[in-house]
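Below you'll find the structure, written out as structure tokens, and then a few comments.
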Amino acid sequence: MSTVRHTRLSGLEPLVITPELGFVNVGERTNVTGSARFRRLIAEEEYEAAVEVARQQVDNGAQIIDVNMDEGLLDSEHAMTTFLNLIAAEPDIARVPVMVDSSKWSVIEAGLRCLQGKGVVNSISLKEGEEAFLEQARRIRRYGAAVVVMAFDEHGQADQAERMVECLSRAFRLLIERAGYPPEDIIFDPNIFPVATGMAEHDNYAVEFLNATRELKKRFPYCHVSGGLSNLSFSFRGNNAVREAMHSVFLYHAMKAGMDMAIVNAGQLAVYDEIDPALREMVEDVVLNRRADATERLLEAAEQYKSEGKREEKDEAWREKPVAERLKYALVKGIDKFVVEDTEEARQQFDTSLEVIEGPLMDGMNHVGDLFGDGRMFLPQVVKSARVMKKAVAHLVPYLEAEQTTREKKGKVLLATVKGDVHDIGKNIVGVVLACNGFDVHDLGVMVPAEKILSEARKEEVDLIGLSGLITPSLDEMVDVAQAMNEAEFDLPLLIGGATTSRAHTALKIDPAYDGPVCWVKDASRSVDVVRKLASRQHRQAYAADIRSDYESYRKRQSSGRKRKPLVSIDQARDNAFQCDWDAYAPETPRQPGLHVIEDWPLAELVDYIDWTPFFQSWELKGRYPDILEDKTIGEAARSLFHDAQAMLEQIVNEKWLTARAVFGLWPAAAHGDDVLLYPDESRSQSIERLVFLRQQADKSSPNLCLADFVAPADCDVDDWIGLFAVTAGVGLEEAIDRHLPANDDYAAILLKALADRLAEALAEALHAKVRRETWGYAADESLDNRDLIREHYRGIRPAPGYPACPDHSEKEKIFALLDAPERIGVTLTESFAMLPTAAVSGYYFAHPDSQYFVVGKLARDQVKDYARRKGVSIEQAEKFLRPNLE
């Protein structure tokens with residue numbers, strides 16, 4: 001008699017997955033990569049509110065909750081364990097099982113240690129081979145969890161049913177025969193790829209998934225099938241109606257084929273029977289690939305189902321309203337087409353031009369400010385509003401001068417990017433937002449020394465000083481400015497902002513250096529409220545006292561010590577280094593060693609390499625592309641911004657506004673302890689440079705990694721290589737702003753700078769692919785699309801100085817000297833090691849199959865002393881270079 005086998009998961013209560021249970025919904029909102037709100041709550045350590053998100057998921061019917069903490073600026077392990085421990089104490093949440101979701105094994109294991117009951121791990125695959133797969137699978141099994149397996153092996157992602165079944169069948173055999181899994185603890189995830197892309201080879205992707213699902217359920221009846229729905233409708237991003245119909249139709253057929261669980265937002269699924277019959281038929285033609293013209297028919301009909309489809313014909317009605325309402329509408333919508341004629345009409349109705357500004361224009365901008373503050377408008381929209389306001393004011397300036405009137409400002413703010421730093425996109429956005437809200441902004445630009453900041457502050461009689469910086473050396477420079485202000489007996493509020501700044505650094509380093517008010521401003525959306533309070537003589541004292549009290553409390557908590565696992569000594573860390581069997585590894589000799597220069601990389605070739613997610617983040621729109629375009633809250637703003645970016649990108653490429661250049665070199669190399677020695681030729685008789693790296697000192701069971709681990713040691717008789725590179729897509733950037741953009745159009749200027757940054761990153765990605773496939777040639781048969789490149793599904797890494805695996809920016813000096821980057825491609829370093837032009841990337845190439853990105857983390861004093869010795873600098877200088885990583 002056969003035994004019926006059902007998957008049994010549990011939180012505080014059991015979840016038995018039977019055929020009668022139907023489709024299993026996995027709650028998706030406790031995932032930092034999929035929920036902007038949840039990510040913000042975790043980043044700000046507002047865990048009580050984050051727990052409420054989990055509670056809502058369970059209340060809304062989630063039978064499992066998916067928890068993911070994969071975000072670059074988070075301590076993912078700490079966040080995962082903290083959150084799981086908190087929800088474990090909430091019986092109404094803890095009653096359901098948890099899916100621990102991460103691409104990092106250390107985070108998965110940290111989560112597994114916290115689970116009560118039986119959870120699920122998402123996910124593992126054969127991407128790195130059988131032994132790595134089995135090692136992770138066995139450890140998951142020891143924790144008692146079920147596992148999601150991706151259809152991915154050493155040859156890449158499977159996109160045909162036969163390959164999907166082959167890949168997952170092999171994984172099944174390994175899990176059953178060598179890892180001891182019962183079949184009911186295995187969940188297959190064949191890959192759902194986009195359909196209706198216009199490429200014939202994609203037309204059958206949905207059918208391939210359905211066929212694979214049927215075969216998998218036939219072969220392995222006790223296993224489950226899951227999948228990610230959003231990929232299917234990628235081609236129709238921006239059209240929610242069609243996307244929801246596609247998801248519903250696909251799920252209808254996939255469930256019939258045997259798909260029985262997925263991470264799904266059930267609230268965004270159309271009811272199959274309620275879909276417009278004509279739309280449903282066209283969608284089914286696409287999903288089931290029933291006719292050759294299915295894609296064309298759906299594309300032609302899609303616009304009539306788009307919720308925004310008829311907006312344009314309604315929009316013109318606002319032109320019939322009184323002029324004050326027209327100006328307000330134009331400011332909110334960012335429409336500058338009619339603003340000059342409307343402003344002139346308003347001027348004719350008022351006694352003075354100043355009344356136009358202080359009346360309808362400021363009424364409109366105040367409404368914009370209110371919407372922004374309430375989270376109903378977003379930065380790209382606000383910057384567009386500022387463009388309209390500037391155009392209106394520019395029309396009125398001659399009349400204001402003739403009338404000899406000036407408008408009273410709410411306060412004057414001096415903004416500056418500190419000495420040695422050249423990044424200004426964030427600062428410029430803050431300046432625009434403040435100007436929109438009536439503040440007088442005096443922007444000193446970039447690389448501004450402390451003495452100029454102080455002298456200009458006195459000369460301009462400003463009310464506040466705002467400092468910005470992106471690179472880590474800027475943190476020390478901000479402390480120096482604060483000390484200089486203190487010595488000069490300033491009492492002005494000091495605002496701190498920028499990507500590397502933080503509440504912690506401000507409280508611990510900057511606030512103690514200055515007796516006046518100091519305030520860290522997290523992003524542009526917070527700047528208006530902060531500046532308004534600190535610029536007010538009435539409210540400044542009380543608000544500054546609250547901030548100082550908060551910083552003092554933070555310092556006390558830090559001094560009392562949050563219990564952190566002690567670091568191991570550098571000798572212990574080296575004893576636990578990554579071990580490679582160098583006798584079994586033969587590094588590939590580059591096909592074209594030496595130095596290479598590309599003076600003009602075609603911009604058109606870079607467009608497909610662009611990773612758009614960071615582009616939206618630079619505008620403070622949080623979410624992953626393309627899903628961000630469908631976000632209920634920010635989707636409209638994201639779509640509008642993306643449309644503008646695409647239009648400008650087309651001009652950049654077609655009219656060649658920018659020039660992309662690259663220089664890279666491949667040198668013989670050998671590891672010497674935690675350093676890598678470079679040689680001029682293959683005789684390897686004398687080194688020409690020593691690249692100095694750092695090693696993790698966390699107390700952990702996995703290896704304490706150092707980048708030097710991925711290069712063959714000098715004493716092992718293995719000839720290895722390393723690469724260095726520097727690229728830029730910023731040549732001609734300032735000229736393009738002057739030549740091609742309207743004067744004072746902050747929106748266009750910020751958009752152009754953000755696109756130049758994206759093109760530089762795209763060039764770094766394209767160049768790395770060229771090196772892997774051609775110049776070095778160790779991956780000559782590699783064939784990956786942009787999605788795989790963004791997910792780094794390739795062999796080798798390209799870490800950059802200043803980033804987590806090698807946090808010392810000063811090592812860029814060696815890269816630039818060896819490549820002669822200033823002479824060859826026109827990229828230079830500032831005294832704080834920032835790159836000019838700003839749209840630039842530099843770093844290393846490592847080719848070892850096991851090379852990986854990692855976070856060095858905190859460093860103990862013994863390694864800092866050793867690092868200073870190896871680098872040939874004083875301990876004080878080394879501490880300055882490594883400040884953010886010091887224990």
Side-chain angles (χ1 to χ4, degrees), residues 40-41 43-49 369-370 372-375 408-416 418 426-427 430-431 433-434 437-442 450 453-454 457-458 460-469 474-498 500-562:
R40 176 181 61 78
L41 293 174
E44 296 176 5
E45 298 194 347
E46 294 179 17
Y47 282 102
E48 289 185 12
D370 291 341
F372 184 47
D374 292 342
E408 184 179 348
K409 293 280 185 176
K410 294 179 180 178
K412 194 169 190 177
V413 184
L414 182 147
L415 296 179
V418 295
K427 172 180 64 66
V430 169
V433 171
L434 292 176
N437 284 270
F439 293 96
D440 188 358
V441 177
H442 185 59
I453 292 172
L454 272 59
R458 283 204 172 102
E460 296 293 330
E461 298 181 343
V462 301
D463 299 292
L464 303 94
I465 295 175
L467 304 180
S468 176
S474 297
L475 299 177
D476 287 329
E477 187 60 33
M478 290 177 178
V479 175
D480 292 343
V481 174
Q483 290 172 340
M485 290 175 66
N486 212 47
E487 292 168 3
E489 298 182 350
F490 272 69
D491 63 356
L492 298 178
L494 176 61
L495 309 181
I496 302 297
T500 58
T501 63
S502 65
R503 172 171 168 258
H505 181 265
T506 304
L508 296 174
K509 299 294 183 181
I510 301 177
D511 184 61
Y514 181 50
D515 293 336
V518 178
C519 182
W520 174 60
V521 185
K522 183 178 181 181
D523 51 44
S525 63
R526 317 286 177 90
S527 61
V528 176
D529 185 55
V530 171
V531 172
R532 186 179 290 128
K533 290 174 180 175
L534 289 175
S536 165
R537 294 291 176 180
Q538 180 182 354
H539 300 294
R540 175 187 295 180
Q541 190 171 357
Y543 185 63
D546 288 343
I547 297 171
R548 179 140 283 170
S549 174
D550 175 62
Y551 290 167
E552 287 176 356
S553 298
Y554 184 87
R555 289 193 289 269
K556 286 178 183 176
R557 290 196 301 273
Q558 290 298 114
S559 62
S560 62
R562 188 175 79 183

Practice task
Examine distances only and state if a side-chain atom of K509 and a backbone atom of L475 form a donor-acceptor pair shorter than 3.5 Å.
Solution key: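 Pair absent, no side-chain N/O of K509 close to backbone of L475.
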
Exercise for the section: Return yes if some donor-acceptor pair links the side-chain N/O of S553 with the main-chain N/O of S549 below 3.5 Å, else return no. Expected result: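 Side chain of S553 to backbone of S549: a pair is present.
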
Problem - side chain to side chain contact (heavy atoms under 4.5 Å, CB included) partners for L41, two or more places apart - result: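 For L41, the residues satisfying side chain to side chain contact (heavy atoms under 4.5 Å, CB included) (neighbours in sequence not counted) are R37, E46, A49, A50, V53.
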
Handout entry: Contacts of A43 that satisfy side chain to side chain contact (heavy atoms under 4.5 Å, CB included) - sequence neighbours left out
Key =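 Side chain to side chain contact (heavy atoms under 4.5 Å, CB included) check on A43 returns L74.
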
List in chain and number order the residues that pass side-chain hydrogen bond (donor to acceptor under 3.5 Å, both in side chains) with [X], two or more places apart in sequence or in another chain; answer none if no residue qualifies.
| X | answer |
| --- | --- |
| T506 | none |
| R548 | D511 |
| H442 | E456 |
| T501 | W520 |

Exercise for the section: Show the numbers, then the answer: is there a side chain to side chain contact (heavy atoms under 4.5 Å, CB included) between I465 and M485? Expected result: CA-CA 10 Å; I465 295 175; M485 290 175 66; 3.7 Å; yes

[atom1]/[X] to [atom2]/[Y] distance, rounded to the nearest 0.5 angstrom?
| X | Y | atom1 | atom2 | value |
| --- | --- | --- | --- | --- |
| L534 | R532 | CG | CZ | 12.0 Å |
| S468 | L415 | OG | CG | 8.5 Å |
| S536 | Y543 | OG | OH | 12.0 Å |

Considering all heavy atoms of both residues, which atom of [X] and which atom of [Y] are nearest to each other, and what is their separation?
| X | Y | answer |
| --- | --- | --- |
| A535 | F439 | CB-CE2, 4.2 Å |
| P517 | A544 | CB-CB, 3.6 Å |
| Y514 | A482 | CD1-O, 3.7 Å |

Exercise for the section: For K522, check salt bridge (charged side-chain N to carboxylate O under 4.0 Å, His left out) against everything at least two apart and list the hits. Expected result: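 K522 satisfies salt bridge (charged side-chain N to carboxylate O under 4.0 Å, His left out) with E44 only.
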
Problem - For R503, all residues meeting salt bridge (charged side-chain N to carboxylate O under 4.0 Å, His left out), sequence neighbours excluded - result: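 Expected list: D550.
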
Donor-acceptor contacts, no H, no angles, side chain residues 486-496, under 3.5 Å, sequence neighbours left out:
unit_1	atom_1	unit_2	atom_2	d
N486	OD1	D515	N	2.8

Problem - side chain to side chain contact (heavy atoms under 4.5 Å, CB included) evaluation trace for L508 with Y554 - result: CA-CA 8 Å; L508 296 174; Y554 184 87; 4.1 Å; yes

Practice task
State, with a plain yes or no, whether a side-chain heavy atom of S527 is found less than 4.5 Å away from one of L434.
Solution key: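 Side chain of S527 against side chain of L434, heavy atoms only: contact under 4.5 Å found.
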
Practice task
Mind jotting down which residue pairs meet the salt bridge (Lys or Arg N to Asp or Glu O under 4.0 Å) criterion with at least one end in residues 476-485? Sequence neighbours excluded, please.
Solution key: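 Qualifying pairs: D476-R883.
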
